[in-house]
Amino acid sequence: MLRLRIPPATKVTGILLKALELGPSTVTGMFKKLDKEGYINYEKYGGVTLTEKGTEIARKTREKYSMLKEFLMHLGLDEKTAEEDACKIEHILDPKTAKILKKFVEFTDKEDESRIWIEHFRYFVETGKYIYYSPENRDKCPVHGKKTD
């Protein structure tokens, strides 16, 4: 079982107060609610640990975030923007949509033709120009064709 140890509650409370701009009673209330619902073990002035239920949600959230970041970077976004957007999107994304996006990234990573298609999409985003591509005209492709000096 994965167990995450979080600093003493007073330290965590301070971190959350600052990061989320919340009052102490709000943070304590959140801890009590999460403890009651079985996501954390909370002891006043003690520590906060994730339960198995909390750990599972944290793991799934991290996986969803990582997949979204990879998907957005796959489309051509820079890492910083992809991280920020993935953090926002992960909270509202339906699991069915997440599954499809994950499959899309897997699919476009495996086949040469899929990678070519994604690279053409990035070119389209940059230039607004669609590439009519076939293996026969690869040499004329502005992305994959022979470079002339």
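Note that the numbering runs from 1 along the sequence shown for the chain.
- Side-chain contact check for I116 versus V143: every heavy-atom pair is 4.5 Å or farther apart.
- The CZ atom of F71 sits 11.5 Å away from the CD1 atom of I100 when rounded to the nearest 0.5 Å.
- Remark: E83 engages K69 in a salt bridge, criterion side-chain N to carboxylate O under 4.0 Å.
- Ring planes of Y132 and Y130: perpendicular class, angle over 60° (limits at 30 and 60°).
- With contacts defined as side-chain heavy-atom distances shorter than 4.5 Å, the pair S66/E70 does not qualify.
- By the 30° and 60° cut-offs, the orientation of the rings of F31 relative to Y42 is tilted.
- Considering all non-hydrogen atoms of both residues, L72 and A86 come closest at CD1-N, 3.9 Å.
- Panel note: side chain T97, backbone L93; no donor-acceptor pair is recorded below 3.5 Å.
- Interatomic distance, C87 SG to K64 NZ, rounded to the nearest 0.5 Å: 12.0 Å.
- A single hydrophobic cluster is not seen to contain both Y39 and Y65; linkage of ILVMFWY side chains at heavy-atom distances under 4.5 Å, directly or through other members, places them apart.
- With hydrogens and angles left out, the side-chain atoms of D78 and T81 include a donor and acceptor closer than 3.5 Å.
- Other residues, nucleotides and ligands place more than 12 heavy atoms under 6.0 Å from the NZ atom of K53.
- At a threshold of 4.5 Å between non-hydrogen side-chain atoms, the residues K102 and E106 count as touching.
- Residues M30 and V48 share a single hydrophobic cluster, defined by chaining ILVMFWY side chains whose heavy atoms lie under 4.5 Å apart.
- The backbone N or O of H74 sits less than 3.5 Å from a side-chain atom of R122, completing a donor-acceptor pair.
- Both V27 and L50 sit in one connected hydrophobic cluster of ILVMFWY residues. Membership requires side-chain heavy atoms under 4.5 Å apart, directly or through other members.
- Minimum interatomic distance between D35 and I40 (heavy atoms only, all atoms of both residues): OD1-O, 2.8 Å.
- In this structure, CG on N41 lies 4.0 Å from OG1 on T49, to the nearest 0.5 angstrom.
- In this structure, K129 and F124 have side chains that are not in contact, with every pair of non-hydrogen atoms separated by 4.5 Å or more.
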Problem set entry | Chi angles and distances behind the salt bridge (charged side-chain N to carboxylate O under 4.0 Å, His left out) call for E63, R59 | CA-CA 6 Å; E63 283 178 4; R59 185 190 62 75; 2.4 Å; yes
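- Put simply, CG on D109 and CZ on F104 are 9.5 Å apart, with the number rounded to the nearest 0.5 Å.
- Using a 4.5 Å cut-off between side-chain heavy atoms of Ile, Leu, Val, Met, Phe, Trp and Tyr, with links allowed through other members, F121 and I131 fall into different hydrophobic clusters.
- When hydrophobic clusters are built by joining Ile, Leu, Val, Met, Phe, Trp and Tyr residues whose side-chain heavy atoms come closer than 4.5 Å, directly or via intermediates, M73 is not grouped with V125.
- For the atom pair CG of L68 and CG of D85, the computed distance is 9.5 Å after rounding to the nearest 0.5 Å.
- Summarising the geometry of H120 relative to H144, their closest heavy-atom pair is NE2-ND1, 3.1 Å, with the distance given to 0.1 Å.
- Salt bridge K80/E84: present, at least one basic N to carboxylate O contact under 4.0 Å.
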